[in-house]
2 protein chains.
Amino acid sequence: MMQPHKRVIDAGIRQTQRDETMVKRTSFEGDSCPVARSLEAIGDWWSLLIIREALLGLRRFGEFQSKLGMAKNILAARLRSLVDHGILETAPASDGSAYQEYVLTPKGRGTFPILVALRQWSEAFDDRPEEIATILVDREKGRPVKKLELRAEDGRLLTQAETTLKLRPAPRRRSAG
Amino acid sequence: MMQPHKRVIDAGIRQTQRDETMVKRTSFEGDSCPVARSLEAIGDWWSLLIIREALLGLRRFGEFQSKLGMAKNILAARLRSLVDHGILETAPASDGSAYQEYVLTPKGRGTFPILVALRQWSEAFDDRPEEIATILVDREKGRPVKKLELRAEDGRLLTQAETTLKLRPAPRRRSAG
DNA sequence: GCATATGGTTTTATGATGCAACCACACAAG
DNA sequence: CTTGTGTGGTTGCATCATAAAACCATATGC
């Protein structure tokens, strides 16, 4: 059920040496692993928490700053990075103040399953689950949501062992040949 | 040169002061948000990639090291942290070599949905999806898996907007003890 | 114009990360 | 038993990111 020896896929993650300062932070920008690519965008300490607050409706710099209790410079850097990655975008106004707001793009809202997965992992495995303050519920019924489930094309519930990785079929030059 | 005046670190910000070196990395250990609690354990650059490789069957220090291309000291630190968090555990042997292996615990295998969510987010929103090399497929049929879906207790498919957070009902002072 | 709140940037300090070098141990050869 | 090599890891140092505070710029109100 599991190939213990060499796998062909993904043989050798290399860090992208940028110019000459290759002691950077091992960027995963050019990596072929989609997990690594996600982490490149939202794999740092604060990004997912900022996104989480944004999903809950926060929009203003000061809201994030006071809610998350983080330093303003860090927040500014994270917001800029999230905007650069197309996860947030700045909207010029909303409440009259000529300041700007940070709102989630579709890509940003698309992180919701990631946050749910993180939440459910805590709920399932945390050593002190009693310290978890909130529950994600179905808004309509007020009942806890089900666990995320992975299904096959035909609807069968899949565990990790029932899945495997395949190479993408066609590197596809450019149109059909 | 000009020594700046005494730094008053105890400014009253929220951060979890551990012992006395409170300029650490803003640990989320005591946070009540389950997302933050997850990130505390696996929210750094390497942990999820190590877990990913472990899910694919890697067990040995050298396997991780050559596969991920990371420095050995970083790997050692991450492995230790993952063991401390109950995500990996060390098994004394397997192939005769008197060395140890790192195998996933149930808690570690429980991260699978997180990795799937990260993967699917990349697949859906990455700017250069053609660089993604692998596809997660149903092992039996060889067909791509469906997107993770969040459902209500009664099976209704839920979007983020159809969910909300509720406070945990009972803080429960250790009942019946 | 001046006080204050908001929204950042700059400065400075510390911790984390990255890499190389080194060390400890196991195993094999001589 | 000694040497050699591969594995598994630690130590040192350079560099980078992060953190906190101070500072600055723009808005808004009086």
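Here the structure is a predicted model, which means the values were calculated and not measured. Numbered from 1 within each chain, the chains take letters A, B, ... in sequence-line order.
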Checklist line | Which residues share a side-chain contact (heavy atoms from CB on, under 4.5 Å) with B:R143, sequence neighbours left out | finding: A:E153, B:K141
Note to self: Rounding to an integer number of Å, can you tell me how far B:W46 CH2 sits from C:dT17 C1'?
What the structure shows: 10 Å
Check: Any side-chain N or O of A:W45 under 4.0 Å from OP1/OP2 of C:dA16?
Finding: no
Checklist line | Minimum-distance nucleotide (side-chain atoms of B:D44 versus C:dT17, D:dA21, C:dG7) | finding: C:dT17
Check: Has the side chain of A:Y99 got a donor or acceptor that lies under 3.5 Å from a partner of the other kind on the base of C:dG8?
Finding: no
Next item on the list: Output the distance between atom NZ (A:K147) and atom CG (B:L148), rounded to the nearest 0.5 Å.
Entry: 11.0 Å
Checklist line | Value in whole Å for how far the C1' atom of C:dT6 lies from CG of A:N73 | finding: 16 Å
Notebook entry, point to check: Would you say A:T105's side chain and A:G86's backbone share a donor-acceptor pair under 3.5 angstrom?
Noted result: yes
Notebook entry, point to check: Given atom CD of A:Q65 and atom C1' of C:dG7, what is their separation to the nearest angstrom?
Noted result: 10 Å
Next item on the list: Calculate the interatomic distance between A:E101 atom CD and C:dG8 atom P; express it in whole Å.
Entry: 11 Å
Note to self: From C-beta outward on B:Q100, which listed nucleotide comes closest to its side chain: D:dT26, D:dG8, D:dG9?
What the structure shows: D:dG9
Next item on the list: Look at A:R60 and C:dG7 and indicate whether a side-chain polar atom (N or O) is within less than 4.0 Å of OP1 or OP2.
Entry: yes
Item checked: Atom pair distance, as rounded to whole Å: CG in B:L79 and P in D:dG8 -> 11 Å
Next item on the list: Report yes if at least one side-chain N or O of B:R78 is closer than 4.0 Å to OP1 or OP2 of C:dA16; otherwise report no.
Entry: no
Notebook entry, point to check: OP1 or OP2 of D:dG9 sitting under 4.0 Å from any side-chain N/O of B:R80?
Noted result: no
Notebook entry, point to check: For the pair made of CG in A:L58 and P in C:dG7, what is the distance, rounded to whole Å?
Noted result: 12 Å
Item checked: SB check B:R119 B:E123 (cutoff 4.0 Å) -> yes
Next item on the list: Side chain of A:F61 only, please: which of C:dG18, C:dG8, D:dA19 is the nearest?
Entry: C:dG8
Next item on the list: Using the closest heavy atom to pick a nucleotide of DNA chain C for each, name whichever of B:I74 or A:Y102 lands nearer the 5' end.
Entry: A:Y102
Next item on the list: Look at the side chain of A:K72 and decide which nucleotide, out of D:dG9, C:dG7, D:dT18, has an atom nearest to it.
Entry: C:dG7
Check: Rounded to whole angstroms, how far apart are CG on B:L75 and C1' on D:dG8?
Finding: 10 Å
Next item on the list: Give the rounded distance in Å between these two atoms: CG of A:L88 and P of C:dG8.
Entry: 12 Å
Next item on the list: Describe the nucleic acid contact of A:F64 in one word from base, sugar-phosphate, nothing, applying a heavy-atom distance below 4.0 Å.
Entry: nothing
Item checked: Check: B:W121 side chain, A:P34 main-chain N or O, donor-acceptor pair, under 3.5 Å -> no
